[in-house]
Number of protein chains: 2
Amino acid sequence: IITVNDLRKTYTMGLNQVHALKSVSVAVEKNEYVALMGPSGSGKSTLMNLLGCLDTPTAGEYILNGINVSTMEDSELAEVRNKEIGFVFQTFNLLPRLSALENVALPLVYNGTSKSKRLARAQEVLEMVGLGDRTDHKPNELSGGQRQRVAIARALVNDPAIILADEPTGNLDTKTSIEIMGIFEEIHKAGNTVILVTHEPDIAEHAHRVIRLRDGLVESDERNENV
Amino acid sequence: IITVNDLRKTYTMGLNQVHALKSVSVAVEKNEYVALMGPSGSGKSTLMNLLGCLDTPTAGEYILNGINVSTMEDSELAEVRNKEIGFVFQTFNLLPRLSALENVALPLVYNGTSKSKRLARAQEVLEMVGLGDRTDHKPNELSGGQRQRVAIARALVNDPAIILADEPTGNLDTKTSIEIMGIFEEIHKAGNTVILVTHEPDIAEHAHRVIRLRDGLVESDERNENV
Ligand SMILES: Nc1ncnc2c1ncn2[C@@H]1O[C@H](COP(=O)(O)OP(=O)(O)OP(=O)(O)O)[C@@H](O)[C@H]1O
Ligand SMILES: Nc1ncnc2c1ncn2[C@@H]1O[C@H](COP(=O)(O)OP(=O)(O)OP(=O)(O)O)[C@@H](O)[C@H]1O
Ligand SMILES: [Mg+2]
Ligand SMILES: [Mg+2]
């Protein structure tokens, strides 16, 4: 479902170049469950942003569902981002003036769902992540872990085929993490593809495959024997 | 060094009241090393913000270094916040238009340190957290774990007597977490007081005492037997 070949991302800062991804080649099948790990600064979020069509590579190709992403029109890309992919950002990226409910309903606004259906669906997903009593709070009226769960709920609201979650449990206590991992398990069992960045081995244990990055390169790519 | 008696914090939202802290009474001695734990939404950041003089309680008293904080003048409070307390925010709170170096040097601007001394000290602390080669990057040109480390460096730059760190390793891989915990160990050995919020038991292991919150109340407060 996802193939990247010799993917590169370089940032230019004045006279310096930062090679965030030097060359990444990876193939992910439909319905795989992949954990992406590696040191701070090794390129995980950069790779996730490219996979989520939120950014374009400096070089290399990205083939999603058989289509070369660089050949897609902007409108086509927007539709893929909205319907096919659910993205949980490492820094949440919630809109500060909207309530939790409105933030979660936003992807449904873009695909033309009726207002009552949007709010009902957003309510449902917020209850799933344990925030049924916080729907009217704005992001600055929520705890760190609650904001993280709103970001997760927003990624799930459109029932996407591919979940890209960048450190989804970084701000969660053990019990809440287990509940969130349970949700990802169900999404995976339903036939969807899950790629999550984590630095916690306990979280990576849930995945079938672990890809490790180091300095913008794939250091290892292994089946998880225990699953 | 820190005493709170029947501390309360209530947020009012329209007709609703959210009791973030219902009643917290705790005493922390000089040179203690405390881990603050508890479920997402239990009041940890709220308590940290009160201890860091970043917010005022709805009721109860906070005595810092023998002085009742509610009796302090604004200028006195600002001086305490700048010189006595180093605060690592759960959501980093870096200034987006300043480089990492400028962000870290900011507390030194407020206490009148000369420019060359500020930049030298900021450079020193950034090297300590492994970011010597990222000093000119702005926050949006840094990875999540790098931003977290800039926030940590900024909290340390003034050599404060009290470190309040709200989930300082949430975005860090294991190796980098160990390096950061090593820094906190040294700060503690130097005679300072460290209070850190974490949801990771491995991180809490470094502390001498673990205070657990649940629903805005202290659920348990115990010595760490293994240390
Ligand atoms: N400004 C606010 N208005 C209303 N409610 C708030 C506000 N800030 C926080 N809260 C609520 O107060 C409670 C405690 O929040 P707090 O940020 O202290 O939790 P926490 O223990 O730090 O959680 P986490 O582990 O998720 O960071 C939460 O339930 C939150 O929804
Ligand atoms: N806009 C940018 N300009 C310059 N350098 C950047 C930019 N964005 C990221 N970088 C650099 O690219 C490298 C990879 O960043 P990335 O965010 O992908 O790391 P990461 O693996 O997600 O790290 P973490 O675990 O800390 O979140 C980092 O060293 C970072 O400093
Ligand atoms: Mg990242
Ligand atoms: Mg918090």
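In the text below, chain A, chain B and the rest are named by the order of the sequence lines, each starting its count at 1.
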Among the options B/Leu172, B/Thr198, B/Thr176, pick out the one with the most heavy-atom pairs lying under 4.5 Å from chain A.
-> B/Leu172
Name the option with the most non-hydrogen atom pairs under 4.5 Å to chain B; the candidates are A/Glu200, A/His137, A/Met37, A/Lys175.
-> A/His137
[X] versus chain A, heavy atoms under 4.5 Å apart: side chain, backbone, both or neither?
X        : answer
B/Glu167 : side chain
B/Val197 : neither
B/Ser143 : side chain
B/Thr169 : backbone

Please state whether the side chain, the backbone, both or neither of A/Ser45 comes within less than 4.5 Å of a heavy atom of chain B.
-> neither
Has the side chain of B/Asp173 got a donor or acceptor atom that lies under 3.5 Å from a matching backbone atom of A/Ser40?
-> yes
Do A/Gln90 and B/Asn171 touch side chain to side chain, with heavy atoms closer than 4.5 Å?
-> yes
Taking the side chain as every heavy atom from C-beta outward, state whether A/Val18 and B/Glu141 have any pair of such atoms under 4.5 Å apart.
-> no
Measuring from A/Met13:CE to B/Lys138:NZ, what's the distance to the nearest 0.5 Å?
-> 7.0 Å
With a cut-off of 6.0 Å (strictly less than), are more than 12 heavy atoms of other residues, nucleotides or ligands near CG of A/Asn140?
-> yes
